[in-house]
Amino acid sequence: MSDLLVAKPAALADRAWRIEGKRLAWIPATLGIMLALMGAALWNGFPLIFPDTGGYFTRPIEGTLDMGRSALYGLFLYIGIPFAFWPAVLVQCALTAWLIVLTLRAHGLGDRPGLAFGIVLALCATTGLPWFAGQLMPDIFFPLAVLALHLLVFRHEALNRAERTGLVAVIAFAMASHMAALGVCAGALMALALLRRIWPRALPPLRAGLAAVAVASGIALALLSNAAITGNLAFTPGGANFLFGRLIEDGIVARYVEDECPDPALRLCAYRHELPGNADDWLWGPGTAFYKLGGDEGFRDEAREIIADTLTLYPAEHLLTAIEGTLKQLVTFKTEVAPPAHNAPAIAAFKEHTPQWFGALMAARQQSNPPDAALLNLIHWPVAATSLLGLVALLAFRRRLGVTPQATALIATVLLALAANAAVCGIFSHPVDRYQSRMIMLAPFAVAVVWWSRRRTVPPDRTLPID
């Protein structure tokens with residue numbers, strides 16, 4: 001009896017030491033996660049940039065709206081100027097770390113700091129995650145918003161009030177930082193609600209209340225932040241002209257001007273022989289007809305009228321090219337690292353508005369010795385493609401493989417979000433690698449979560465339910 005009385009306190013003490021040991025293990029794990037996520041930017045010697053970067057951080061400086069450039073994300077970058085923009089990278093990496101760890105915890109893997117570090121390290125080595133987390137662009141908020149949406153909708157009970165509030169804020173900021181994120185979040189939420197009604201026994205109960213609040217907050221924040229920073233109570237402009245660029249690329253505009261011109265009411269007729277073959281050349285090429293016609297503001301109304309006319313005149317062609325654009329975007333996800341020639345607009349903005357950091361920018365490896373993205377994609381593309389197929393297989397054979405409803409919900413969220421992103425970008429802009437690659441790292445992450453949670457929850461002799 002006395003031996004039992006001595007053994008019980010000893011066992012409790014041993015358990016307390018193990019719990020404390022795991023808590024202490026999170027310190028090096030967190031440091032390792034942050035270093036891995038910041039690895040690309042640290043290697044570069046300066047935060048990574050993209051041609052659009054200057055268009056963002058100059059919004060609060062100039063106090064104006066610009067096509068496709070969120071004033072709110074511009075302010076986020078602007079705040080970090082005294083510290084060479086590093087605060088933006090630090091916040092983006094910290095939020096990424098938080099969402100990854102929170103997702104692991106919500107799926108029963110929160111007591112594994114070594115596993116969390118290992119998964120992040122693997123993602124940083126095999127996907128474009130660190131290249132987006134360390135870049136002065138809002139792209140990293142796309143996958144973060146998807147994870148936040150999943151947690152609010154399906155793992156609500158595993159979160160405390162502060163965590164739920166933080167997730168709502170992440171979604172709202174993502175939507176206000178890029179209009180495509182609004183479409184992705186709203187589209188994924190509606191698709192999940194529909195899937196839950198169609199497939200109720202495969203998914204856990206869906207709680208869409210807070211997620212809907214997050215989407216509504218994102219819409220409000222997009223309007224109010226633009227009003228506060230630029231004095232314009234409006235969404236970030238450019239939607240009509242981005243879509244018009246895709247219609248040029250797909251040949252619909254060429255057909256329209258061929259059928260309708262000459263027409264004195266159509267200013268575009270004067271430039272019908274100058275139409276380029278792709279959207280980027282129309283929107284960003286120097287001296288294009290788009291800018292001769294007044295750019296986004298000057299051509300916006302005519303673009304909308306032409307879009308409406310072509311929808312009436314060529315509905316089948318619109319439908320087919322929209323489907324084609326979506327499918328093409330779905331499988332277009334190579335990692336991109338913009339070379340100096342492409343970064344010219346951003347470099348010019350740095351030179352004009354932040355001359356104190358211009359030398360550091362130009363000395364960074366991205367400008368002085370650009371990395372070869374083709375080498376990265378020898379790993380990144382097959383990992384992404386294999387993971388995408390793996391998610392489809394896990395969903396198709398979920399009962400045989402013992403995939404839980406909670407894990408099924410994560411798979412469904414990721415697949416539907418990727419499909420929503422492909423539709424939004426492939427239809428309303430045009431298919432490019434960057435649009436899908438900024439979210440494709442969710443596929444290998446979801447595979448890892450499902451694999452490790454299954455190992456924990458499904459013993460070898462488990463008899464699986466049939467539904």
Side-chain angles (χ1 to χ4, degrees), residues 11-39 92-127 129-130 133 140 143-144 146-160 162-164 166-167 170 204 383-384 386-387 390-391 394-395 398 401-414 440-462 464:
L12 291 174
D14 180 64
R15 183 184 177 192
W17 275 109
R18 282 189 278 112
I19 292 173
E20 185 64 21
K22 285 186 177 180
R23 287 176 180 170
L24 292 174
W26 274 110
I27 297 175
T30 301
L31 290 174
I33 288 171
M34 287 297 292
L35 285 173
L37 291 170
M38 296 182 69
Q92 289 177 175
C93 291
L95 286 174
T96 303
W98 179 56
L99 263 297
I100 288 174
V101 171
L102 192 60
T103 303
L104 290 173
R105 195 197 77 196
H107 286 270
L109 301 169
D111 59 344
R112 305 281 298 275
L115 176 63
F117 172 65
I119 288 176
V120 171
L121 191 63
L123 289 173
C124 289
T126 61
T127 75
L129 179 59
I140 188 61
L144 300 188
V146 172
L147 291 180
L149 190 73
H150 164 72
L151 292 170
L152 288 176
V153 171
F154 290 113
R155 305 302 297 143
H156 184 278
E157 73 286 349
L159 310 169
N160 60 44
E163 290 165 342
R164 291 193 289 268
L167 295 175
V170 167
V383 167
T386 303
S387 299
L391 288 182
L394 285 168
L395 199 61
R398 60 184 184 80
L401 296 172
V403 179
T404 64
Q406 291 76 18
T408 301
L410 177 60
I411 296 169
T413 303
V414 169
I440 198 65
M441 71 284 293
L442 290 171
F445 176 61
V447 169
V449 172
V450 173
W451 170 258
W452 286 100
S453 61
R454 180 178 175 275
R455 283 186 53 142
R456 167 164 289 192
T457 58
V458 183
D461 60 347
R462 175 174 174 176
L464 301 176

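None of the values given here were measured: they were computed from a predicted structure.
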Out of curiosity, [X] [atom1] to [Y] [atom2], how far, rounded to the nearest 0.5 Å?
{"X": "R105", "Y": "D111", "atom1": "CZ", "atom2": "CG", "answer": "11.5 Å"}
{"X": "L395", "Y": "R398", "atom1": "CG", "atom2": "CZ", "answer": "7.5 Å"}
{"X": "L129", "Y": "I440", "atom1": "CG", "atom2": "CD1", "answer": "13.0 Å"}
{"X": "L147", "Y": "T103", "atom1": "CG", "atom2": "OG1", "answer": "4.5 Å"}
{"X": "L394", "Y": "W451", "atom1": "CG", "atom2": "CH2", "answer": "10.0 Å"}

Validation row: [X], [Y] side chains within 4.5 angstrom (heavy atoms):
{"X": "W98", "Y": "L167", "value": "yes"}
{"X": "F445", "Y": "I119", "value": "yes"}
{"X": "L151", "Y": "L159", "value": "yes"}
{"X": "T126", "Y": "P444", "value": "no"}

| request: Apply the side chain to side chain contact (heavy atoms under 4.5 Å, CB included) test between L37 and each candidate in I140, L95, V120, L123; give the one that qualifies. | output: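 Of all the options given, the one that passes is V120.
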| request: Would you confirm whether T386, through its side chain, and V383, through its main-chain N or O, come within 3.5 Å as a donor-acceptor pair? | output: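 No, because the side chain of T386 does not come within donor-acceptor range (under 3.5 Å) of the backbone of V383.
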| said: Donor-acceptor pair, distance only, cut-off 3.5 Å: does the side chain of R155 make one with the backbone of L102? | reply: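 Between the backbone of L102 and the side chain of R155 there is no qualifying donor-acceptor contact (under 3.5 Å).
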Can you name the closest pair of heavy atoms from [X] and [Y] and give their distance?
{"X": "C93", "Y": "M38", "result": "SG-CG, 3.4 Å"}
{"X": "F117", "Y": "A29", "result": "CD1-O, 4.1 Å"}
{"X": "A148", "Y": "V170", "result": "CB-CG1, 4.4 Å"}
{"X": "H150", "Y": "Q406", "result": "CE1-O, 4.1 Å"}
{"X": "S453", "Y": "A407", "result": "OG-CB, 4.5 Å"}
{"X": "L144", "Y": "Q92", "result": "CD1-O, 4.5 Å"}

| said: For V146 and L442: C-alpha separation, side-chain torsions, deciding distance, then whether side chain to side chain contact (heavy atoms under 4.5 Å, CB included) applies. | reply: CA-CA 9 Å; V146 172; L442 290 171; 3.7 Å; yes
| request: Mind jotting down which residue pairs meet the salt bridge (charged side-chain N to carboxylate O under 4.0 Å, His left out) criterion with at least one end in residues 113-122? Sequence neighbours excluded, please. | output: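 Passing the test, one end in residues 113-122: no pairs.
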| query | Given the rule in the side chain to side chain contact (heavy atoms under 4.5 Å, CB included) test, do I100 and I33 qualify, once you have shown the distances and angles that lead to the verdict? | reply | CA-CA 10 Å; I100 288 174; I33 288 171; over 6 Å; no
